[in-house]
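In what follows, chains carry the letters A, B, and so on, assigned in the order in which the sequence lines appear, proteins first and then strands, with residues in each chain numbered from 1. Keep in mind that this is a model prediction, so the values were computed, not measured.
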Amino acid sequence: MKEELSQLIQQSLDSLVAQGHLPQDIQPQVQIDRTRDKSHGDMASNIALTLAKAAKKPPRDLAQLICEALPKADLITRTEIAGPGFINFFLSQQSNQAVIRRILEEREAFGKNNVGRGRKVQVEFVSANPTGPLHVGHGRGAAVGDSLCRLLAATGWDVSSEFYYNDAGAQIQNLALSVQARCRGLQPDDDAWPEDGYRGDYITELAECYQRRDRIDAEDRHVTGAGDPDDLESIRQFAVAYLRREQDLDLKAFGVHFDIYFLESSLYQSGAVEATVQSLIDNGHTYEREGALWLRTTDFGDDKDRVMRKSDGGYTYFLPDVAYHLNKWQRGFVRVINEQGADHHSTVTRVRAGLQALQQDIPEGWPDYVLHQMVTVMREGEEVKLSKRAGSYVTLRDLIDEVGRDATRYFLVARAASSQLTFDIDLALSQSNDNPVYYIQYAHARVCSLMRKLEQQGWTWDAQGALEHLGELGEEHETALLRRLDRFPEVVANAATNSEPHTVATYLRELAGDFHTWYNAHKMLVEEQPLRDARLALSDAVRQVLANGLALLGVSAPEAM
RNA sequence: GGGGGUAUAGCUCAGCUGGAUAGAGCACCGGCCUUCUAAGCCGACGGUCGCAGGUUCGAAUCCUGCUACUCCCGCCA
């Protein structure tokens with residue numbers, strides 16, 4: 001609809017140029033906005049304001065000329081010049097109603113587009129090391145990352161979701177030592193307890209399972225406990241598998257799936273890390289100092305150079321990060337989005353710098369990052385500290401068990417990633433019925449209920465027939481709903497390109513609000529069939545868009561509540 | 001000291017990439033169930049968009065400088 005309007009304005013401008021009212025060399029950027037206030041019509045353009053200077057005419061006069069030169073079109077009932085020189089367009093009811101037709105024809109596909117054109121995109125998220133259960137911060141990453149995947153798939157991208165983790169580093173060693181200590185009957189406060197060992201209860205359970213020789217089946221690995229407390233390597237293998245399986249269960253309970261689990265250790269085994277070092281040396285971006293090998297990341301915008309190889313010969317985490325992202329590039333992802341906690345923001349410049357230093361023609365801003373700010377958890381008015389070592393923290397599973405999957409997902413995805421999030425458990429629990437997610441789901445269930453009621457009354461309804469009667473709609477709540485529905489494809493498109501899934505949540509809240517208002521103002525199941533059919537068509541369209549939107553957030557759309 | 005993020009109603013947050021009179025939800029106050037789901041609706045209250053400049057027809061939005069809070073700044077990941 002915007003397109004059509006924009007073309008009409010363009011034609012008008014062309015004829016004004018031809019008539020000499022406008023100079024030849026103008027470069028109009030025709031912009032059409034939805035109006036916020038319905039007294040301003042349906043759409044508005046600021047074109048006269050932006051061209052006024054070049055045209056050497058007052059904006060309102062220019063707007064008048066543009067309106068007069070506008071070709072006749074069915075979709076416009078009238079235009080109005082307002083304020084400093086806006087042109088307001090009042091669209092015909094028919095053009096407003098067209099959206100219902102479109103939704104009922106496209107169904108699940110309404111809102112989708114093909115801007116991705118089948119190109120490959122990867123979203124890496126969560127990427128928690130297997131040293132403990134997932135906590136709320138990981139939950140935010142999971143909710144945002146998974147929703148991003150859904151948005152990208154809906155906009156025509158070939159999406160791959162990936163979980164990256166280190167299965168062999170110092171922290172894993174620490175984990176193995178902690179389990180070993182438990183196997184030997186040690187307590188965290190004993191003198192012999194490993195320094196910085198993990199203290200959580202799950203370490204005890206892990207040790208018991210290992211000694212019982214349990215078999216562990218995680219998504220990406222299968223291990224049977226050896227039972228021998230002296231075999232640290234076996235303990236390590238077992239512990240990693242055990243915690244990976246725990247995380248699998250967390251993710252499954254959250255409705256999040258990964259296509260690929262990528263191991264940091266594989267980068268060493270394949271020689272990718274070595275090759276990356278060599279390539280960086282060959283390209284002349286490194287130097288040695290104090291026995292360590294440095295990469296001159298300052299050449300690429302970093303504020304100081306970074307060590308790649310320590311003086312003891314080991315690599316810093318930075319190097320496998322670069323090797324990993326080179327690997328992603330080689331896998332053909334034109335777009336990569338890394339969803340991480342904002343505490344990792346300093347790696348952004350570093351990884352990009354490392355990739356530039358490889359001189360493989362990787363674009364400068366590649367990859368993309370979505371960094372979410374901290375999640376703090378409040379319980380009984382106090383902040384719950386997230387300390388893995390102390391073992392007392394709120395896990396994602398706790399949250400799902402207490403608050404429910406849908407509410408947890410909604411809470412964690414409904415805010416802009418850049419804003420800090422306070423997850424108040426008591427609030428989420430005590431007011432679980434006032435939760436915004438239920439408000440949206442309730443609207444969906446209400447429509448489903450209407451359809452059931454319709455049958456009980458012995459009436460029937462079909463979309464095709466109902467479309468004949470759309471002319472019955474036109475009252476102000478209905479117009480507001482139609483306008484809101486019409487926006488959905490734009491919301492999806494913007495959310496996907498800007499990596500902002502929270503805007504979908506905001507939209508759904510507004511749509512549900514419009515629906516509840518309308519529902520309360522009118523009876524849907526009226527005697528007159530044309531009006532009834534028309535209202536049910538609108539209801540069904542709302543239901544469909546709510547379902548489509550909730551699916552993008554990974555939240556269910558219940559038929560009854 | 002350097003960098004990331006944030007600052008909008010009592011509280012939690014939106015604000016469609018610069019538009020017209022800044023919006024929701026909680027909380028508080030007053031109404032609406034013999035009628036399709038009251039997990040709902042209607043109304044009232046509530047604002048110096050952190051502060052100060054700048055850019056222009058027009059700024060919560062862009063630029064500069066401050067202030068506050070928060071996170072990072074290791075040859076840890």
Side-chain angles (χ1 to χ4, degrees), chain A residues 31 33-37 39-40 44-46 48-50 52-53 58-59 82-86 88 127 129 131 165-166 169-172 264 289-294 302-304 306-318 320-321 341-349 371-374 376 414-422 424 427 431-443 445-454 456-457 487 490-491 494-495 498 502-503 505-507 509-510 512-513 515-526 532 535 539 560-561:
Chain A
Q31 187 189 328
D33 291 308
R34 288 166 204 284
T35 55
R36 199 169 300 175
D37 188 331
S39 70
H40 297 143
S45 179
N46 59 358
L49 290 162
T50 59
K53 196 170 271 183
F86 291 104
N88 292 336
S127 294
N129 281 341
T131 53
Y165 71 96
N166 180 353
Q171 295 195 40
I172 301 296
E264 182 180 341
R289 193 176 78 201
E290 294 162 12
L293 184 66
W294 296 67
D302 204 352
D303 56 349
K304 54 180 142 179
R306 306 292 167 177
V307 170
M308 300 192 310
R309 190 172 61 212
K310 298 182 276 185
S311 48
D312 67 5
Y315 296 118
T316 60
Y317 71 93
F318 161 53
D321 267 4
D343 52 337
H344 289 86
H345 86 265
S346 57
T347 68
V348 176
T349 339
L371 302 177
H372 65 255
Q373 294 294 316
M374 298 255 304
T376 47
R415 307 247 133 96
S418 62
S419 77
Q420 291 186 32
L421 180 65
T422 303
D424 188 329
L427 188 76
Q431 305 191 334
S432 62
N433 285 352
D434 295 330
N435 197 304
V437 72
Y438 296 119
Y439 182 84
I440 297 165
Q441 290 180 321
Y442 186 52
R446 264 186 155 171
V447 178
C448 294
S449 170
L450 271 181
M451 294 303 181
R452 286 191 296 270
K453 206 78 182 177
L454 180 80
Q456 288 169 22
Q457 302 252 343
R487 273 192 53 194
E490 242 174 85
V491 170
N494 288 337
N498 301 332
H502 77 279
T503 55
T506 305
Y507 170 84
R509 182 70 183 66
E510 291 165 345
F515 174 75
H516 286 308
T517 295
W518 176 61
Y519 179 92
N520 274 276
H522 300 286
K523 190 168 167 67
M524 304 291 126
L525 300 177
V526 293
R532 187 174 74 226
R535 286 186 173 160
S539 299
M561 288 175 72

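Taking the 5.5 Å centre cut-off and the 30° plane limit, the aromatic side chain of A:Y439 is not classed as stacked on B:A39.
Contacts of A:R487 with the nucleic acid, taken as non-hydrogen atoms under 4.0 Å apart, include base atoms. Residue contacts shown for A:H502 are limited to sugar-phosphate atoms, with no base heavy atom under 4.0 Å away. When heavy atoms are screened at a 4.0 angstrom cut-off, A:S311 is found touching base atoms of the nucleic acid. Among the protein residues, A:A443 comes within range of no part of the nucleic acid, since none of its heavy atoms lies under 4.0 Å from any strand. Nucleic acid contact class of A:N88 (heavy atoms, under 4.0 Å, all strands): base. Nucleic acid contact for A:N46: base, since at least one base atom lies under 4.0 Å from a heavy atom of the residue. When heavy atoms are screened at a 4.0 angstrom cut-off, A:A170 is found touching no nucleic acid atom at all.
A:H345 pairs by the side-chain hydrogen bond (donor to acceptor under 3.5 Å, both in side chains) definition with nothing, not counting sequence neighbours. Taking the side-chain hydrogen bond (donor to acceptor under 3.5 Å, both in side chains) definition, one finds that A:E510 meets it with A:R484, sequence neighbours left out. Scanning for side-chain contact (heavy atoms from CB on, under 4.5 Å) contacts around A:N46 gives A:Q31, A:L49, A:T50, A:F86, with sequence neighbours left out.
Under the 3.5 Å distance criterion, the side-chain polar atoms of A:T35 are left unmatched by any main-chain donor or acceptor of A:A44. Without hydrogens or angle criteria, A:R535 side chain to A:K523 main chain gives a donor-acceptor distance under 3.5 Å.
Comparing B:U55 with B:G10, their P atoms are spaced 32 Å from each other, to the whole Å. Going from the C1' atom of B:G23 to that of B:G46 covers 13 Å, rounded to whole Å. On the P atoms, B:U67 is 39 Å away from B:A27, given to the nearest whole Å. Nucleotides B:U70 and B:C75, compared at atom C1', are 28 Å apart to the nearest Å. Rounded to a whole angstrom, the distance from the P atom of B:C71 to that of B:G25 is 32 Å. Straight-line distance between the P atoms of B:C49 and B:G30: roughly 31 Å, to the nearest whole Å. Between B:U61 and B:G43, the two C1' atoms lie 32 Å apart (nearest whole Å). Remark: the separation of the P atoms in B:G47 and B:G1 is 37 Å, to the nearest Å.
Between the side chain of A:Y317 and the base of B:A77, a donor-acceptor pair under 3.5 Å is found. Interface remark: the A:D33 side chain does not form any donor-acceptor pair with the B:A20 base, using a distance-only criterion of under 3.5 Å. In this model, a side-chain donor or acceptor of A:N498 finds a partner on the base of B:U17 within 3.5 Å.
The shortest heavy-atom contact between A:R446 and A:N520 is NH1-ND2, 3.8 Å. Closest non-hydrogen pair, A:A52 versus A:P59, comes out as CB-CG, 3.8 Å. Taking each heavy atom of A:L454 and A:L525 in turn, the nearest pair found is CD1-CD2, 3.8 Å. For A:W518 against A:M524, the heavy-atom pair with the smallest separation is CH2-SD, 3.6 Å.
Rounded to a whole Å, the CD atom of A:E510 is 9 Å from the P atom of B:G15. As a whole-Å value, the separation of A:H372 NE2 from B:C13 P is 15 Å. The CZ-P distance, from A:F86 to B:G18, rounds to 14 Å in whole Å. Distance, A:Q441 CD to B:A39 C1': 10 Å, rounded to whole Å. Protein atom CG of A:D302 is 18 Å distant from nucleotide atom P of B:C72, rounded to whole Å. In this structure, CZ of A:R309 is placed 12 Å from C1' of B:C75, rounded to the nearest angstrom. The separation between A:H344 atom NE2 and B:C73 atom P is 10 Å, rounded to whole Å. Here the C1' atom of nucleotide B:G25 and the CG atom of A:N435 are 11 Å apart, to the nearest Å.
Between A:Y519 and A:H516 the shortest side-chain heavy-atom distance does not fall below 4.5 Å. A:K304 has its side chain out of reach of A:W294: every pair of non-hydrogen atoms, C-beta onward, lies at least 4.5 Å apart. In this structure, A:N166 and A:Y317 have side chains that are not in contact, with every pair of non-hydrogen atoms separated by 4.5 Å or more. With contacts defined as side-chain heavy-atom distances shorter than 4.5 Å, the pair A:E490/A:R34 qualifies. A 4.5 Å side-chain heavy-atom check between A:L371 and A:V348 finds at least one atom pair inside the cut-off.
For B:U34, the glycosidic angle deviates from 0 by more than 90°, giving an anti base. Taking the syn range as angles within 90° of 0, the glycosidic angle of B:C33 is syn.
Looking at which nucleotide of RNA chain B each of A:A512 and A:E290 is closest to, the 5′-most match is held by A:A512. Place A:R36 and A:T347 on RNA chain B by their nearest nucleotides, and A:R36 ends up nearer the 5' end.
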Secondary structure of RNA chain B in dot-bracket form (Watson-Crick or G-U wobble, distances below 3.5 Å, | marking inter-strand pairs): (((((((..((((.....[...))))..((((.......))))......(((((..]....))))))))))))....
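Nearest nucleotide to the A:A292 side chain, out of B:G19, B:C75, B:A77: B:C75. Taking the side chain of A:K304 as heavy atoms from C-beta on, and the options B:A77, B:U21, B:G74, the nearest nucleotide is B:G74.
Between the side chains of A:N129 and A:T131, no donor N or O sits under 3.5 Å from an acceptor N or O.
Under 4.0 angstrom from either OP1 or OP2 of B:C42 there lies at least one side-chain N or O belonging to A:T517.
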Given protein heavy atoms under 4.0 Å, the one-letter contact record of nucleotides 30-38 of chain B, with B base, S sugar-phosphate only and - none, is simply -----SBBS
Please encode protein proximity along nucleotides 2-12 of chain B as a string of B, S and -, counting only heavy-atom distances under 4.0 Å. -BBBS-----S
